[in-house]
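Starting from 1, each residue takes its place in the sequence as its number.
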Amino acid sequence: MKNHAALAEQFNRDEDRVDWHNKTLWFVREKRDRQSKPIPDWEKLRETASKIKLNVLSNLDTYLIEFEKNALENGIKVHWAKDAAEHNAIVLSVLEKHQVKKMVKSKSMLTEECHLNDYLEKNGIEVTDTDLGERIVQLAKEPPSHIVLPCIHKKKEEIGEIFHEHLNTPKGLSDPQQLTEIARQDLRKKFLQSQAALTGVNFAVAETGEFVVCTNEGNADMGAHLANVHIACMGLEKIVPKREHLGVFLRLLTRSATGQPITTYSSHFRKPREGQEMHLVIVDNGRSEQLGREKFRNSLKCIRCGACFNTCPVYRRSGGHSYHTAVAGPIGSVLSPARNIEEYKDLPFASTLCGSCTNVCPVQIDLHNQLYELRQEVIASGLGEPVKNFSMKLMARSLSNAKKYEKLRKKVKFGYRYTPFLLKSGMNPWYKHREMPEMPEKSFKEWYKKNVENGK
């Protein structure tokens, strides 16, 4: 079974990669701070966005019905999928109906969650990811490691090698501008050859039946405008009640994600153009179950900005693939275990509980609280690691009784003095990734007795 700690250990073998991965993501976090702090009403925007989303979650059935009614009136064909399998089958059925063999796709974390690419390719459909980062990891046969910066874990020299292997570029080419131009030319052919385009959905407006797709590269627009079939896929939580609410979320989204004042392209899709079919697949895949869990329903407010990734000290130093799930980072460590606690029981522990993720979340999700609650659920379900469970029970007994604590302290002091090789070696799991603190000559209790109780 995959485990975050083991996968993070693999990532940490390359110290140079860990260093620039950490610095690059922190740089993005600092850009976010520079863009948000000059806005006087930034915290009010966050609070407003949170309240809008809470209203949506409390009235989700009503807003979904309103959205579907208006979307149907606009000429959009609406489909409902209870899980990933049904979502994939619906997309394939639309493509088969139109005899599509080649499809372009813009970034969609929902389709990553559903493993759509693999499913379509097994059924004879050629899928081309058109977001540059997504295209790089697709050629490398890897999943994205970040929901906004999919290939943040790759060095430019590695990207050059990938392009050399798959796009016949000169060996050793690593200039970002040249690599981007080569990718652009290759993707232009894919856009012109494709028969269908698939996009994600950032926001769906119940009032109008339209949906909004935000990109920096214009690839969603290019695909949707050239193809005769446009398929959009969205999680059912993407609803906002009114069009005027978009102003709140669009101001928050890109500042939180990449430190830009606004996304380059915020495209509104309301109805298909003449001769085009537009399909929208609304997916549950565990979301309604999450909605019913009071402690964790707030996680459905997420607008997939990735700010919690960029600030998280664990994510920055362990890499996205260590989370072994489509959505990594703090929000993924809440969403995935909530859907399947046995498979993702390790992820709530991939956190320091420092609260930095909560502080930067544009919709005020209390991520650190939810991670703590999930840890309790893992332990209560009997899924905790046996060694850790035993250690914690031992510590609980020792720390809850003064005499037992004093005995433990003396044993540890003895170990430090006479058997340090047992504590400062690979046999001690704590020591594998941390330095052991030095033992003071005297405890606070000893100092207190000598200096306070004796009147000194």
Flag the pair Arg32 / Asn310 as yes when at least one side-chain heavy-atom distance between them is below 4.5 Å, and no otherwise.
-> no

Short question: side chain of His164, backbone of Thr169 - any donor-acceptor pair under 3.5 Å?
-> yes

Close side-chain approach of Gln290 and Arg339, heavy atoms under 4.5 Å = no

Mind checking whether His4 and Tyr315 have ring centres under 6.0 Å apart?
-> no

Contact check, side chains of Ile162 and Lys154, non-hydrogen atoms, under 4.5 Å = yes

Assess the side chains of Asn88 and His115: does a donor N or O sit below 3.5 Å from an acceptor N or O?
-> no

Looking only at heavy atoms, what is the nearest atom pair of Pro348 and Val378, with distance?
-> CG-CG2, 4.4 Å

Could you tell me if the ring centre of His230 sits under 6.0 Å from that of Phe211?
-> yes

Atom pair OG1 (Thr48) and CZ (Phe249), whose distance is rounded to the nearest 0.5 Å | 9.0 Å

Measure from the side-chain N and O atoms of Gln35 to the backbone N and O of Arg255, and report whether any donor-acceptor pair falls under 3.5 Å.
-> no

Report the distance from atom OG1 of Thr111 to atom CG of Asn117, rounding to the nearest 0.5 Å.
-> 6.0 Å

Between Ser381 and Lys345, does a side chain to side chain contact (heavy atoms under 4.5 Å, CB included) hold up when you go through it step by step?
-> CA-CA 10 Å; Ser381 302; Lys345 63 185 179 183; over 6 Å; no

Arg29 side chain reached by Ser356 side chain, heavy atoms, under 4.5 Å | yes

Would you call Glu47 and Lys51 a salt bridge, using N to O less than 4.0 angstrom?
-> yes

Under 3.5 Å donor-acceptor, Thr199 side chain and Ala220 backbone = no

Return yes if a side-chain donor-acceptor contact under 3.5 Å exists between Asn123 and Glu96, otherwise no.
-> no

What are the two closest heavy atoms between Thr358 and Asp366, and how far apart are they?
-> OG1-C, 3.6 Å

From CD1 (Ile125) to CG (Leu116), nearest 0.5 Å = 10.0 Å

Give a yes or no on whether the backbone of Lys155 and the side-chain of Glu158 come within a donor-acceptor separation of less than 3.5 Å.
-> yes

With side chains defined as the heavy atoms from C-beta onward, is the minimum distance between Leu226 and Ser194 less than 4.5 Å?
-> no

Among Arg243, His245, Glu244, find the residue that satisfies the side-chain contact (heavy atoms from CB on, under 4.5 Å) test when tested with Pro241.
-> His245

Check the angle between the aromatic planes of His79 and His279 and answer parallel, tilted or perpendicular using the 30° and 60° thresholds.
-> parallel

Test log, rule side chain to side chain contact (heavy atoms under 4.5 Å, CB included), inputs Leu139 and Phe163 = CA-CA 8 Å; Leu139 291 174; Phe163 280 21; 4.1 Å; yes

Among Lys271, Arg270, His268, the one residue meeting side-chain hydrogen bond (donor to acceptor under 3.5 Å, both in side chains) with Glu210 = His268

Would you check if the side chain of Asn219 reaches a backbone N or O of Ser106 as a donor-acceptor pair within less than 3.5 Å?
-> no

So, are Lys69 and Glu66 salt-bridged, with charged N and O less than 4.0 Å apart?
-> no

Would you find a donor on one side and an acceptor on the other, under 3.5 Å apart, between the side chain of Thr352 and the backbone of Cys354?
-> yes

Measuring from Asn359:CG to Cys308:SG, what's the distance to the nearest 0.5 Å?
-> 12.0 Å

Do the ring planes of His321 and His153 sit parallel (below 30°), tilted (30 to 60°) or perpendicular (above 60°)?
-> perpendicular

When every non-hydrogen atom of Pro337 is compared with those of Tyr344, the smallest separation belongs to CG-O, 3.5 Å

Salt-bridge contact Glu377-Lys295 (side-chain N to carboxylate O under 4.0 Å) | no

Asp131 side-chain N/O to Glu134 backbone N/O, donor-acceptor pair under 3.5 Å | yes

Can you tell me how far OG of Ser351 sits from CD of Gln370, rounded to the nearest 0.5 angstrom?
-> 12.0 Å

Mark yes or no for whether Lys238, through its side chain, and Ala204, through its backbone, hold a donor-acceptor pair below 3.5 Å.
-> no

Thr130/Lys190 under side chain to side chain contact (heavy atoms under 4.5 Å, CB included): CA gap, chis, key distance, verdict = CA-CA 9 Å; Thr130 59; Lys190 300 292 185 182; 5.7 Å; no

Does the side chain of Gln138 pick up a donor-acceptor pair with the side chain of Arg135 at under 3.5 Å?
-> yes

Could you tell me whether the side chain of Arg273 and the main chain of His225 form a donor-acceptor pair under 3.5 Å?
-> yes

Within-4.5 Å side-chain heavy-atom neighbours: Asp41 and Arg251 = yes

Taking only Lys NZ, Arg NE, NH1 and NH2, and the carboxylate oxygens of Asp or Glu, determine whether Lys122 and Asp118 approach each other closer than 4.0 Å.
-> no

Do Phe269 and Val201 come within less than 4.5 Å of each other through their side chains, counting heavy atoms only?
-> no

Run the salt-bridge test on Lys82 and Asp284 with the 4.0 Å N-O cut-off and return the result as yes or no.
-> no

Short side-chain donor-acceptor distance under 3.5 Å, Glu113 and Asn285 = yes

Any side-chain donor paired with an acceptor under 3.5 Å for Thr215 and Glu217?
-> no

Rounded to the nearest 0.5 angstrom, the NZ-CD distance for Lys171 and Glu165 is 9.5 Å

Would you find more than 12 non-hydrogen atoms of other residues, nucleotides or ligands less than 6.0 Å from Gln177 atom CD?
-> no

Minimum-distance pair of heavy atoms, taken over all atoms of Lys53 and Glu237 | NZ-O, 2.9 Å

Glu289, CD atom: more than 12 neighbouring heavy atoms under 6.0 Å = no

Check the pair His98 / Glu277 against side-chain hydrogen bond (donor to acceptor under 3.5 Å, both in side chains), numbers first and verdict last.
-> CA-CA 10 Å; His98 293 275; Glu277 270 194 21; 2.9 Å; yes

Kindly say whether Ala224 contributes a backbone atom to a donor-acceptor pair with the side chain of Gln276 at under 3.5 angstrom?
-> yes

Under 3.5 Å side-chain donor-acceptor pair for Asn22 and Arg316 | yes

Quick one: do the Asn369 and Glu373 side chains pair a donor with an acceptor below 3.5 Å?
-> no

Decide side chain to side chain contact (heavy atoms under 4.5 Å, CB included) for Phe11 and Arg17; before the verdict, give the C-alpha distance in whole Å, the side-chain angles of both, and the deciding distance to 0.1 Å.
-> CA-CA 8 Å; Phe11 185 76; Arg17 187 186 302 276; 3.7 Å; yes

Go through the side-chain N and O atoms of Gln185 and Glu181 and say whether any donor and acceptor fall under 3.5 Å apart.
-> yes

If you take all heavy atoms of Ser322 and Ala8, which pair is closest and at what distance?
-> CB-N, 3.7 Å

Heavy-atom pair of closest approach, residues Cys361 and Ile365 = SG-N, 3.3 Å

Student check: side-chain heavy atoms of Thr311 and Trp26 closer than 4.5 Å = yes

